[in-house]
Visitor: 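Sending over a structure as structure tokens; questions will come in a sec.
First listed ligand is number 1; within each ligand, the first listed atom is number 1.
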Amino acid sequence: MDTLKITKKIIGMYEVKAKKSFGQNFLIDDNVLESIAGLVDTNMDDLIIEIGPGLGNLTHYLKQKSNLLLFEVDKNMVEVIENRFEDKSNLKLIFNDVLKVNIDEEIRILEKEKSKKFNKVKVVANLPYYITSPILFKLLEESQIIDEIVVMVQNEVADRINAMVKNKDYGILTLMMEFYAKCTKEIVVSPNSFIPAPKVTSAVIRIKKENKYENVNKEIFKELVHKAFANRRKKMINSLCMNNFMNLSKEDIKNIFVNCNLSELTRAEELTIHKYIELTNYIDNTAKSC
Ligand code: SAM
């Protein structure tokens, strides 16, 4: 397979240009494409969801491994995919913004159409970088069906996800990912593997969903983490207060800190996930007993 040659041919044939506004950087390195496909263990009883198939370069490799459900927002790309893959027996393409669809509902619709239930459902994608976090949060928070996510992200995002407490990269992404999953960096990818070449190095990460904190109140945890880091240079109490955390007064928030043995000087990046969970549980239990 010569993906570079095919990509140039498709771009010429359809006179398409990579659109910055849709985060389009097409993967043209066959070693990387093969490695990504090799990271997922699937067969024809499973489903791979690809977000943003673009010209279909990764789709080509995934199509040999599984049923495919594709979400693409760019009409030009939809036309390319429709024509590139004549055999659509294991491929369904949905022309829509992935952030606007109910993914689990679409999986169920496809299962009905095929009269079969998929064994495993995974997401594999070279993500549009401008919406990496919203996509990851959506997949983790909303889907009850997807169990693994293998995606290309900016290397810097991969580092933020795996950052240690007190590190400058430690933040919302680190904590939200740790809450829902276990994440590993699998491959580092040079800008030369894409056209057009992005300005940054990329990385493929594997996110395996885990139910570590099943009994923890997700809504409180999410609000706590987002508002603690909303003004990360300030003391955490002030950041929570300034951002109306659960509409509590500063006095209430101070009391929570005292009861959880936390100094008033604490900053958001100093607390491990265990402390965020402890705070969440304390707030949840106090609210329930009121
Ligand atoms: N998968 C292709 C590849 O690896 O060469 C293209 C990857 S490119 C980085 C990102 C793709 O996501 C583009 O095709 C873009 O049009 C699509 N995209 C951008 N925003 C999207 C959205 N909100 N919903 C669905 N697809 C989107």
Visitor: Have a look at ligand 1 and work out which part of Pro53, if any, has a heavy atom under 4.0 Å from it: side chain, backbone, both or neither.
Guide: backbone
Visitor: Give the atoms of ligand 1, by number and element, whose distance to some non-hydrogen atom of Phe26 is under 4.0 Å.
Guide: 5 (O), 6 (C)
Visitor: Which residue supplies the protein heavy atom nearest to atom 3 (C) of ligand 1, what is that atom called, and how far is it?
Guide: Asn126 ND2, 3.6 Å
Visitor: Tell me whether Tyr130 reaches ligand 1 (any heavy atom closer than 4.0 angstrom to a ligand atom).
Guide: yes
Visitor: What residue and atom, counting heavy atoms only, is the protein's closest point to atom 21 (C) of ligand 1, and at what distance?
Guide: Val73 CG1, 3.4 Å
Visitor: With heavy atoms of Gly54 as the reference, note each atom of ligand 1 found under 4.0 Å away.
Guide: 6 (C), 14 (O)
Visitor: Which bit of Ile131 gets closer than 4.0 Å to ligand 1, counting heavy atoms only: side chain, backbone, both or neither?
Guide: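 Under 4.0 Å from ligand 1, Ile131 contributes side-chain atoms alone.
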Visitor: Is it the side chain, the backbone, both or neither of Leu99 that has a heavy atom closer than 4.0 Å to ligand 1?
Guide: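 Under 4.0 Å from ligand 1, Leu99 contributes no heavy atoms.
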Visitor: Side chains of residues 235-242: which donor-acceptor partners sit under 3.5 Å, not counting sequence neighbours?
Guide:
residue: Asn238; atom: OD1; partner: Lys250; partner atom: NZ; Å: 2.9
residue: Ser239; atom: OG; partner: Lys227; partner atom: O; Å: 2.7
residue: Ser239; atom: OG; partner: Ala228; partner atom: O; Å: 3.2
residue: Ser239; atom: OG; partner: Asn231; partner atom: N; Å: 3.1

Visitor: Suppose we measure from atom 5 (O) of ligand 1 to each protein heavy atom; which comes out shortest, and what is that distance?
Guide: Leu27 N, 2.9 Å
Visitor: For atom 1 (N) of ligand 1, what's the nearest protein heavy-atom neighbour? Residue, atom name and distance, please.
Guide: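 Nearest protein contact, heavy atoms only, for atom 1 (N) of ligand 1 is Gly52 O, 2.8 Å.
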Visitor: Please state which part of Glu50 comes within less than 4.0 Å of ligand 1, counting heavy atoms only: side chain, backbone, both or neither.
Guide: side chain
Visitor: Would Val98 count as being in polar contact with ligand 1, using the rule that some N or O on each side must be under 3.5 angstrom apart?
Guide: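 Yes; at least one N/O pair falls below 3.5 Å.
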Visitor: Can you tell me the protein heavy atom closest to atom 16 (O) of ligand 1 and the distance?
Guide: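 Atom 16 (O) of ligand 1 sits closest to the protein heavy atom Glu72 OE2, 2.6 Å.
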Visitor: Does Leu127 come within less than 4.0 Å of ligand 1, judged by its heavy atoms?
Guide: yes
Visitor: Any N or O on Gln24 sitting closer than 3.5 Å to an N or O of ligand 1?
Guide: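 The answer is yes, given that Gln24 and ligand 1 share an N or O pair closer than 3.5 Å.
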Visitor: Between Met77 and ligand 1, does any nitrogen or oxygen pair lie at a separation below 3.5 Å?
Guide: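 No, since none of the N or O atoms of Met77 sits under 3.5 Å from an N or O of ligand 1.
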Visitor: Which of the atoms of ligand 1 are close to Gly23, meaning less than 4.0 Å from one of its heavy atoms?
Guide: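 Counting from 1, the qualifying ligand atoms are 8 (S), 9 (C), 10 (C).
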Visitor: Heavy atom under 4.0 Å from ligand 1: found in Phe22's side chain, backbone, both, or neither?
Guide: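 Phe22 to ligand 1: contacts from backbone and side chain alike.
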